[in-house]
Asks: 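For reference, the structure I am asking about is given below.
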Number of protein chains: 2
Amino acid sequence: MSKIIEDTARQVLETVPAVMRTIRAEFRSQRSRDLSVAQFRALAYIKNNDGASLSSLAAHIGLTLPSMSKLIDGLVGRGLVTRSSDREDRRKICLQLTDTGKNELEAAYDHTQAFLVDKISSLAKEDLDTVSRSMQILKSLFIADHSEKSTLKTKK
Amino acid sequence: MSKIIEDTARQVLETVPAVMRTIRAEFRSQRSRDLSVAQFRALAYIKNNDGASLSSLAAHIGLTLPSMSKLIDGLVGRGLVTRSSDREDRRKICLQLTDTGKNELEAAYDHTQAFLVDKISSLAKEDLDTVSRSMQILKSLFIADHSEKSTLKTKK
DNA sequence: TATTGTTATACTCTATAACTATA
DNA sequence: TATAGTTATAGAGTATAACAATA
């Protein structure tokens, strides 16, 4: 039993970085206006957490506050994100996607997904199911508190 | 059928980066002497391609020659790699791991694998099998000609 | 001339520290 | 005092350009 665990861990460690490299390379090859991976992730988070604060975004992406502030500077400057001040707590900022930001995010996502569709389209249905279920299992293990909605913050 | 493919692609796109982030974060947290991911990969490549040239290494890792030269500077300076001149073509250099380099590589790998073992140890055997098979499937798709795969050896 | 590698230089990304404004 | 965010500055990592040595 222990051996199965170790073997699986080794396989994850061998495979995930390789898949990630491919995704990253494909993503980079198509970004029209130099959207970095961190910026892409920021857009995705803001989309799912409309009105998010800079702190919650930084915590989720894993950047420091100053780094995130600068990153957001770039996104605001390019018209992909709006940065307004929070009405309830004026220290905070309220981040939202513009329509352009939504489109840019969707385009980047779609392109990369299309690339993956092409990659896996040769698989038999059985194998697709296996990969699909495996992704769900891994997601449950590796994506823990992703659902930090802006509505239920202020918990102190 | 097409929908299954698209859904699976989307799941891969959502899940793999999250798992990768976790692996990367864990890897970073334990590197004793600031071994970057690129350096780790370079060590792994040199281990599997003893006497490799700088060009072949750069091509494999995906760095330019000057960048790789600098990266190797660091590894040589820290005693993890030796850089001697190739006897048959004196323009080339001959890269090899020192014993320290081998140990450092092995330690970095083992630690990260141990972390993953801990992460997945709560899974039922069925789920472990699913993940394991899924990794094999993805590996066959995403690791085509990279000879880096034998890097991560089975042990214990 | 072409190839292998190094040096010089610059840019991007991210960090830490110090600061302002608000709570 | 504590928290949210910004500005200033520095370091790591990587790129391009120009160069030296060898083929």
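In what follows, chains are A, B, ... by sequence order, proteins preceding strands, each numbered from 1. Quantities reported herein were computed from a predicted structural model and do not represent experimental measurements.
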Asks: Between B:Arg83 and C:dT4, is there a contact of a side-chain N or O with OP1 or OP2 at under 4.0 Å?
Replies: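 B:Arg83 to C:dT4 OP1/OP2: no side-chain N or O under 4.0 Å.
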
Asks: Relative to the 5' end of DNA chain D, which residue comes earlier, A:Ile93 or A:Lys70, by the nucleotide with the nearest heavy atom?
Replies: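 The residue whose closest nucleotide sits nearer the 5' end is A:Ile93.
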
Asks: In chain order, what residues pass the side-chain hydrogen bond (donor to acceptor under 3.5 Å, both in side chains) check against A:Glu106, with sequence neighbours excluded?
Replies: A:Lys47

Asks: Between A:Asn49 and A:Tyr45, is there a donor-acceptor pair closer than 3.5 Å when you use the side chain of the first and the backbone of the second?
Replies: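 Checked: pair present.
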
Asks: Please check if the side chain of B:Asn48 supplies one atom and the backbone of B:Ala44 the other of a donor-acceptor pair under 3.5 Å.
Replies: yes

Asks: Under a 3.5 Å distance rule, please check whether B:Glu104 uses its side chain to pair with a backbone N or O of B:Gly101 as donor and acceptor.
Replies: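 Here the side-chain-to-backbone pair does not exist.
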
Asks: Just to confirm, is there a sub-4.0 Å distance from OP1 or OP2 of D:dT7 to any side-chain nitrogen or oxygen of A:Ser69?
Replies: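 Checking A:Ser69 against D:dT7: no side-chain N or O falls below 4.0 Å of OP1 or OP2.
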
Asks: Report yes if some heavy atom in the side chain of A:Ile93 is under 4.5 Å from a heavy atom in the side chain of A:Ser84; otherwise report no.
Replies: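 A side-chain contact is absent here, since even the closest heavy-atom pair is not under 4.5 Å.
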
Asks: Measure from the ring center of B:Tyr109 to the ring center of B:Phe40 and say whether it is less than 6.0 Å.
Replies: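 So the answer is no for these two rings.
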
Asks: Could you tell me how far apart A:Phe40 (CZ) and C:dT12 (P) are, to the nearest whole angstrom?
Replies: 22 Å

Asks: Among D:dG13, D:dA15, C:dT6, which is the nearest nucleotide to the side chain of B:Ser36?
Replies: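 So the side chain of B:Ser36 is nearest to D:dG13.
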
Asks: Once you round it to whole Å, what is the distance between C1' of C:dT3 and CG of B:Asp86?
Replies: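 About 13 Å, once rounded to whole Å.
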
Asks: Any donor and acceptor pair, going by atom type alone, linking the side chain of A:Ser85 with main-chain N or O of A:Arg90 inside 3.5 Å?
Replies: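 Side chain of A:Ser85 to backbone of A:Arg90: no pair is present.
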
Asks: Tell me whether the OP1 or OP2 atom of D:dA4 has a side-chain N or O from A:Ser53 closer than 4.0 Å.
Replies: no

Asks: How many Å lie between CE on A:Met68 and P on C:dT14, as a whole number?
Replies: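 So the two atoms are 8 Å apart, to the nearest Å.
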
Asks: In whole angstrom, what separates A:Leu57's CG from D:dT3's P?
Replies: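 One finds 20 Å between P of D:dT3 and CG of A:Leu57, rounded.
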
Asks: Given atom CG of B:Asp73 and atom C1' of C:dT7, what is their separation to the nearest angstrom?
Replies: 10 Å

Asks: Checking contacts here: which listed nucleotide (C:dA15, C:dG5, D:dT14) is nearest the side-chain heavy atoms of A:Leu63?
Replies: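 Output: C:dA15.
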
Asks: What integer distance in Å separates B:Arg41:CZ from D:dG13:P?
Replies: 14 Å

Asks: Round to a whole Å and report the spacing from CG of A:Leu54 to P of C:dT14.
Replies: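 It works out to 14 Å between those atoms.
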
Asks: Mark up nucleotides 16-23 of chain D, 5' to 3', with B wherever a protein heavy atom is under 4.0 angstrom from a base atom, S wherever such an atom reaches only the sugar-phosphate, and - elsewhere.
Replies: BB----BS

